[in-house]
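Presented below is the structure to which this report refers.
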Amino acid sequence: MGTRTSSAVHSPHLIFPPQTTAFPITRHSFSLRAKVVCFQGRLVESGMDGSSSLKPVSATLLVSEKEEAKAVLTLFLKQRGLSNAAAARTISKSDLFLQHLVLRLHVLHKTWYMTGRELTTMEIREALNPYLEALHCQHGDAFIDMILHFPDPPPEVKSSLQILTPELDPDQEKLPGLVIDSMRPKAMARVSESVPVEDLPPHVIYLIELGLDLEKIRVIIRKFPPFSYYNLERKVKPFVKFLLELGVLESDIPRVLCRTPQLCGISLSKNLIPTMKYLEELGVDKQKWSKMILRYPAMFCFSRRKINSIVMFLTEMGLSKETIGKSLTRYPNILGSSVEDKMWPAVKYFRSIGVNVTVIGQRFPQTLTLSVEGNLKPMTEFFLEMGYSIEEIVMMMERFGSIYTCSLSKNVKPKWEFFLSMGYPRSELVKFPQYFGCSLEGRIKPRYSLMKACGLRWSLSHLLTVSDISLEKTVIAKM
C-alpha cells in the first residue's frame with residue numbers, strides 16, 4: 001500500500017505545521033487508490049485580485065482548532081454508540097483525519113481567515129458535524145476504518161471506497177451547503193407528507209405531542225438535517241426535561257428547539273450543565289435561566305475560551321464582576337459576538353466621537369455588539385444631518401445607548417417625523433432620548449393626542465413616563 005505520508009499527502013506538515021512556526025496553508029491533494037480528490041486549498045489568500053499571495057496561519061491557532069476538531073469527532077463517535085475508551089482509541093490513531101478536518105475548516109471559511117477572524121466553537125461544530133454525518137451515511141460500518149486509514153481506503157474495502165469529499169470552489173462562500181444538501185433529501189424523506197404520522201421517527205411524534213407543528217419540524221430538518229436522526233430517549237427527552245427543570249414552560253420548548261435544534265445533540269453532563277455552572281460562577285443569576293434560554297439558547301454552544309474572551313473584554317472596559325454577571329443575565333446574546341470583529345471596533349468608534357465606553361459597557365453592553373458601518377455610523381450621521389452636534393449625540397447615547405439598536409428606517413425615522421409635528425424643541429430629545437424606545441402607535445401617539453385634547457403641555461419625558469393611573473386622574477380632573 002506504500003507509505004501513507006508520502007503517497008497520500010505530500011508532507012504532513014503542509015497540513016498541520018509544527019507548533020513552533022506560522023505556516024501558510026497551500027494547495028494539497030489527498031490521493032486515494034480509488035479516486036484522487038483535490039482540495040483547492042488556497043485557504044488564506046490575501047490578494048484581492050485572485051493572485052496567490054498568502055497570509056500565514058498561526059500554529060497556535062491550528063493546534064487549538066485541532067483540539068476543537070478532536071472534541072467534535074469524539075462526541076460524534078460517542079453519539080454513534082462507541083464507549084469512552086473506544087472513542088479515545090480511535091481518536092489517538094486518527095491524526096491525519098483530524099488534520100484533514102482542520103484543513104476543511106480553512107477551505108470552508110477561507111474569507112474569514114483572510115481577515116484574521118477565528119471560528120467559534122459553535123461555528124466549528126456547525127461546519128464539521130454535517131460533514132461527519134455525510135461520511136457516516138455513505139460508509140456506514142466502514143466509517144471507523146475510514147477514519148483510521150485516512151487518506152487510504154481501509155484494506156477490506158479498497159476496491160469500492162471513495163471518500164465523500166467534493167471538489168470545492170475556493171471562491172465560493174457558502175461551501176457548508178454542499179455537504180448539507182447531500183444529507184437533506186434523505187433526512188427530509190423521514191418526515192415527508194407521504195409518511196403516515198404513526199411511521200414518523202419517535203422523536204418527531206414526541207415533539208408533535210409537545211406542541212411543535214410538523215411543518216416547523218420540517219423547517220428545522222431542512223435547515224439542520226442531523227436533527228432528523230436524533231434519538232428520543234438518549235437526546236431529545238433528556239434535553240426537554242433539562243429545560244423544564246430550569247423553569248422553561250412546556251409551551252416555550254418548541255420555540256427553543258426551532259432556534260437552536262443542535263442543542264439536542266450536545267451532552268448535558270459534559271457540555272450544557274458545566275457551561276451553565278461556569279456562567280453562574282461568573283455572576284449569572286441562576287434564577288433567570290429560563291428567560292436567558294428564551295432570549296439566546298445558543299449560549300450553551302460556546303466554549304470556555306469563547307466565553308472568557310467576552311468576559312476579559314468587559315473587564316477591560318471597566319466592568320466589575322457583579323456588573324458582568326448582570327450584563328450576561330440581561331443580554332446573553334453578547335456571548336455570541338466577536339471581540340475582534342464587532343466589540344473592539346465598536347469601542348474604537350465610540351471613543352473616536354467622545355463616548356464614555358465604560359458607561360456604555362455597564363448600561364448598554366449589547367450596543368457594543370453592533371456593526372460600526374451597518375449600525376453605529378448611520379445612526380450618528382442621521383442625527384448630525386438633523387442638526388444635532390456630536391456632543392448632543394454623545395449625551396443621547398450615554399443616556400439611552402439602546403437607541404443604536406433601533407432600526408433607523410423602521411423605528412427612528414418614523415418617530416422623528418412624528419416628533420417634528422409635536423411642537424417640541426429639538427433639545428427635548430437630548431434630555432429624553434428614551435422617546436425612541438417607546439411604541440409610536442401604542443404609546444406616543446395616543447398619549448400625545450390625549451394631552452392635546454386636555455389642553456395640557458407636558459415635557460416629553462413626563463408625557464411618556466407618567467403612569468396610566470396618573471394620566472387617567474389628570475384627564476378626569478380636566479373633564
Can you name the salt bridge (Lys or Arg N to Asp or Glu O under 4.0 Å) partners of [X], sequence neighbours left out?
X: E417; value: none
X: E68; value: R305
X: K291; value: none
X: K70; value: E67

Self-check item: Residue pairs fulfilling side-chain hydrogen bond (donor to acceptor under 3.5 Å, both in side chains) with at least one residue in residues 352-367, sequence neighbours excluded
Solution: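 Only Q366-S402 qualify under side-chain hydrogen bond (donor to acceptor under 3.5 Å, both in side chains).
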Quiz item: Which side-chain hydrogen bond (donor to acceptor under 3.5 Å, both in side chains) pairs, counting each pair once, include a residue from residues 438-452, with sequence neighbours left out?
Solution: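 Matches after skipping sequence neighbours: E441-K445, R447-D468.
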Practice problem: Could you go through the ring-ring contact (aromatic ring centres under 6.0 Å, His included) check for F242 and W289 one step at a time? | Solution: CA-CA 11 Å; F242 169 74; W289 277 118; 8.6 Å; no
Quiz item: Do F97 and F76 have ring centroids that are under 6.0 Å from one another?
Solution: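 Centroid distance F76-F97: not below 6.0 Å, so no.
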Partners meeting side-chain contact (heavy atoms from CB on, under 4.5 Å) with [X] (sequence neighbours left out):
X: L249; value: S251, D252
X: E373; value: S371, K377
X: A187; value: I221, P225, S228, Y229
X: S338; value: E340, D341

Per-pair distances, 0.1 Å, donor-acceptor, side chain in residues 424-431, under 3.5 Å, sequence neighbours excluded:
residue: Y424; atom: OH; partner: W458; partner atom: O; Å: 2.7
residue: R426; atom: NH1; partner: M386; partner atom: O; Å: 2.3
residue: E428; atom: OE1; partner: L460; partner atom: N; Å: 3.0

Show which side-chain atoms of residues 255-264 pair as donor or acceptor with protein atoms under 3.5 Å away, not counting sequence neighbours.
residue: R259; atom: NH1; partner: L294; partner atom: O; Å: 2.6
residue: R259; atom: NH1; partner: R295; partner atom: O; Å: 3.0
residue: R259; atom: NH2; partner: R295; partner atom: O; Å: 2.9
residue: Q262; atom: NE2; partner: E126; partner atom: OE2; Å: 3.0

